[in-house]
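Take a look at the structure set out below.
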Number of protein chains: 2
Amino acid sequence: MPQIKRSQPLYEQLMWRIKTQIASGVLEIGEKLPSVREMALIEGLNPNTVAKAYKALEAQNVIETVTGKGTFVRENEGIVDDKLLSQLHLQMTEVVIEAKRAAIDAEQLHKWIEELYGEIS
Amino acid sequence: MPQIKRSQPLYEQLMWRIKTQIASGVLEIGEKLPSVREMALIEGLNPNTVAKAYKALEAQNVIETVTGKGTFVRENEGIVDDKLLSQLHLQMTEVVIEAKRAAIDAEQLHKWIEELYGEIS
DNA sequence: CAAGTGTACTGTGTATTATAGTACACGTAG
DNA sequence: CTACGTGTACTATAATACACAGTACACTTG
């Protein structure tokens, strides 16, 4: 009922946090995530909001949920999805246009990518 | 009053379209943009929605508005803003994490950047 | 003055987000 | 079997953002 000014939806922020933890190895494949009620206490959210994040992550094949047991980190299948590919290219286009405006050269972007590919798994 | 399923707000889509046109040289520095009412007819939007986009673009120093005259493309100042920098890095992190999941290697991302830096201005 | 410009309002309607609370079906440990 | 924890599915309420409609005002220019 509070509802403060919010940039990104809470459930998307949680999705992002979980994805990052999986990518960085904090969460391993097959590992069990906290239950929706448990995660709600940890993150200070409503169980419904956590459930929404879990459901969206399952739709993206990031996690697997088994009713009665829990939710688990799914193995990365590495499927080449044309829709995701074009979406990533579009997002990269936005980054480059903004970078140009801020006088950030291509080298900086290349450096970031190398760093990120090193950090992640 | 219709309100169909929408992924991104219309005014943000318009902002993006204008930014792209500026970056690609379709709109040149100092050039006058269509008026809010004119652009509303062109894009099939409400003048208020166009005004919202114009106002947001001016807040980002992309365009300059003069009451009674019109809105014009502003010169790129190329300021290094720490907030924008970290925001771009965050956005790049998202791209890399998603790319890893889709089994897209770093070479593809490097290639995209080179292409985009070539296309733009 | 007249026309065109951005801007600032007040409404209206809708979708999304987030919470609260309840209930149900399932799996597992006691 | 019972009890507990699990995800899930509801209903309801509230706050926010989005988009449109309409009106009005201050400004610049011809």
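A, B, ... follow the sequence lines: proteins, then strands. Residue 1 opens every chain.
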Looking across every strand, which nucleic acid part, if any, lies under 4.0 Å from B:Glu64 by heavy atom: base, sugar-phosphate, or nothing?
nothing

Option passing side-chain contact (heavy atoms from CB on, under 4.5 Å) with A:Met92 (candidates A:Ile113, A:Ile97, A:Leu109)
A:Ile113

Residue [X], side-chain heavy atoms: nucleotide from [options] that is nearest:
| X | options | answer |
| --- | --- | --- |
| A:Ala51 | D:dT8, C:dG6, C:dT17 | D:dT8 |
| A:Lys69 | D:dC18, C:dG27, D:dT6 | C:dG27 |
| B:Glu12 | D:dC18, C:dG6, D:dA9 | D:dC18 |

Please report the shortest heavy-atom distance between A:Ser35 and A:Tyr54, naming the atom on each side.
O-OH, 4.4 Å

For A:Thr67 and for B:Ser35, find the nucleotide of DNA chain C with the closest heavy atom, then tell me which residue's nucleotide is more 5'.
B:Ser35

In this structure, how many angstroms lie between the [atom2] atom of [N] and the [atom1] atom of [X], rounded?
| X | N | atom1 | atom2 | value |
| --- | --- | --- | --- | --- |
| B:Arg37 | D:dC20 | CZ | P | 16 Å |
| B:Leu45 | D:dA21 | CG | P | 10 Å |
| B:Lys32 | D:dT29 | NZ | P | 12 Å |
| B:Leu10 | D:dA21 | CG | P | 12 Å |
| A:Leu41 | D:dG5 | CG | P | 12 Å |
| B:Asn46 | D:dA19 | CG | C1' | 7 Å |
| B:Asn48 | C:dG13 | CG | P | 17 Å |
| B:Lys55 | D:dC18 | NZ | P | 13 Å |

Any B:Tyr11 side-chain N or O less than 4.0 Å from OP1/OP2 of D:dA19:
no

Can you check whether B:Thr65 has a side-chain N or O nearer than 4.0 Å to OP1 or OP2 of C:dT5?
no

Any side-chain heavy-atom pair from A:Glu98 and B:Gln91 closer than 4.5 angstrom?
no

Between A:Ile22 and A:Lys19, is any pair of side-chain heavy atoms under 4.5 Å apart?
no

Please walk me through it: do B:Arg17 and B:Glu43 pass salt bridge (charged side-chain N to carboxylate O under 4.0 Å, His left out)?
CA-CA 11 Å; B:Arg17 229 167 303 152; B:Glu43 299 285 346; 2.3 Å; yes

